[in-house]
Peer 1: 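Let me give you the structure first, and then I'll get to my questions.
Every chain is numbered from 1 and lettered A, B, ... according to where its sequence line falls, protein lines coming before strand lines. All of these numbers come straight from a predicted model, not from anything done at the bench.
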2 protein chains.
Amino acid sequence: MTTLDTDQLTELGEMFRMLGDPTRLGILLSCMEQPLSVGAIATKLDASASLISHHLRLLRATRLVRGTRDGRSVQYVVSDDHVRDMLRNMVEHIHEETGDLP
Amino acid sequence: MTTLDTDQLTELGEMFRMLGDPTRLGILLSCMEQPLSVGAIATKLDASASLISHHLRLLRATRLVRGTRDGRSVQYVVSDDHVRDMLRNMVEHIHEETGDLP
DNA sequence: AACATGTATGAACACCTTTTCAATTATCCG
DNA sequence: CGGATAATTGAAAAGGTGTTCATACATGTT
């Protein structure tokens, strides 16, 4: 009931591992609500496009993100609904807890 | 509104990083509902007490877990309500998704 | 006090990860 | 086609992480 089999546990762990890197967490939070290009994400996070692209490959491989080409850019968006819902909840929780202003 | 400041983002990342290791995830899932001793966790996860203890130190440092001595053993339990709620939700989600039997 | 049990700690090792840089591929426009 | 802008890829460097083993500490028991 509150247990997971080995495969499920591994998958869950993989997911958390992806979220555990600050760059990747930033990427996911950036394209959680709307698609964003690699360059736009890089600019927003003040990182190189190369770095972002490397991380996006990992995020793609774990199906946390999906990219679609649009002209010369590629638009990425969070594709896993669990993750999106969970991140929204976490962000909410943190906001409530610290009661901060927009 | 859906953004976090740098500190909050760092903290969230740290939390996910802790969940991202299979041994630590196993520990947290083990003592999510009730306290468990180091030895009991080690047995359950088929790992050495030393290894579990090392990981518990990290989990303590990030306040994800709290331990209280009880005789010669120490009982550990998940102490972060966000994490507990979130893990419960994740487990639920996975169960729903894969529609598996108890 | 001596012993047994349970937990914590430190050092060492192997392994993996993140990041950067340079080079390559893809797409659009003149 | 040639040039410009975006994104991807591969290799290499640097640093970090998980695990084991041996040892120390803490608590209860005889």
Side-chain angles (χ1 to χ4, degrees), chain A residues 6 9-31 34-79, chain B residues 6 9-31 34-79:
Chain A
T6 310
L9 202 147
T10 302
E11 200 186 327
L12 190 57
E14 275 295 292
M15 198 202 73
F16 285 132
R17 202 165 62 81
M18 286 299 121
L19 297 173
D21 176 80
T23 306
R24 283 194 297 266
L25 183 55
I27 292 175
L28 290 169
L29 290 172
S30 297
C31 59
Q34 79 289 122
L36 230 56
S37 73
V38 176
I41 297 173
T43 302
K44 189 170 187 197
L45 301 183
D46 192 35
S48 72
S50 173
L51 178 59
I52 301 302
S53 192
H54 276 299
H55 282 298
L56 281 171
R57 186 154 61 97
L58 298 174
L59 293 171
R60 251 187 285 130
T62 33
R63 304 191 184 289
L64 263 44
V65 117
R66 159 177 34 98
T68 59
R69 193 166 265 280
D70 175 27
R72 23 190 149 178
S73 73
V74 178
Q75 307 290 331
Y76 280 94
V77 67
V78 172
S79 64
Chain B
T6 312
L9 202 146
T10 303
E11 201 186 326
L12 190 57
E14 276 294 294
M15 199 203 73
F16 285 132
R17 202 165 61 81
M18 285 300 120
L19 297 173
D21 175 80
T23 306
R24 284 194 297 266
L25 184 56
I27 292 174
L28 290 169
L29 290 173
S30 297
C31 61
Q34 80 289 122
L36 230 54
S37 74
V38 177
I41 297 172
T43 302
K44 188 170 186 196
L45 302 183
D46 191 34
S48 73
S50 173
L51 177 59
I52 301 301
S53 192
H54 275 298
H55 282 298
L56 281 170
R57 187 155 60 96
L58 298 174
L59 293 171
R60 252 187 285 131
T62 30
R63 302 190 186 288
L64 261 46
V65 118
R66 157 176 37 98
T68 59
R69 191 166 268 280
D70 176 27
R72 22 190 151 179
S73 73
V74 178
Q75 306 289 334
Y76 281 94
V77 67
V78 172
S79 65

Peer 1: Rounded to the nearest 0.5 Å, what's the gap from CG on B:L28 to CG on B:L64? Could you check?
Peer 2: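 Separation between the atoms: 5.5 Å.
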
Peer 1: Describe the nucleic acid contact of B:S50 in one word from base, sugar-phosphate, nothing, applying a heavy-atom distance below 4.0 Å.
Peer 2: base

Peer 1: Please state whether the phosphate of C:dA8, meaning OP1 or OP2, lies under 4.0 angstrom from any side-chain nitrogen or oxygen of B:Y76.
Peer 2: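 Yes, such a contact exists.
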
Peer 1: A:R24 side chain N/O closer than 4.0 Å to the phosphate oxygens (OP1, OP2) of C:dT17?
Peer 2: no

Peer 1: Contact class for B:H54 (heavy atom, under 4.0 Å): base, sugar-phosphate, or nothing?
Peer 2: base

Peer 1: For a quick check of understanding: with a heavy-atom distance under 4.0 Å over all strands, which category does B:S53 fall into, base, sugar-phosphate or nothing?
Peer 2: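 Base contact.
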
Peer 1: So if I take every side-chain heavy atom of A:R69 and compare against C:dT19, C:dA26, C:dT5, which nucleotide ends up nearest?
Peer 2: C:dA26

Peer 1: Using a cut-off of less than 4.0 Å, is there contact between a side-chain N or O of B:H55 and OP1 or OP2 of D:dT17?
Peer 2: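 Result: no.
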
Peer 1: Where the side chain of A:R17 is concerned, which of D:dT5, D:dT19, C:dT17 is the nearest nucleotide?
Peer 2: C:dT17

Peer 1: Give the rounded distance in Å between these two atoms: CG of B:D21 and P of D:dT19.
Peer 2: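 Result: 5 Å.
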
Peer 1: Which comes earlier along DNA chain C counting from the 5' end, the contact point of A:L58 or that of A:G71, where each point is its nearest nucleotide?
Peer 2: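 Its nearest nucleotide being more 5', the pick is A:L58.
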
Peer 1: Ignoring backbone atoms, establish whether A:S37 has a side-chain N or O less than 4.0 Å from OP1 or OP2 of D:dA6.
Peer 2: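 Indeed not, no polar side-chain atom of A:S37 lies that close.
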
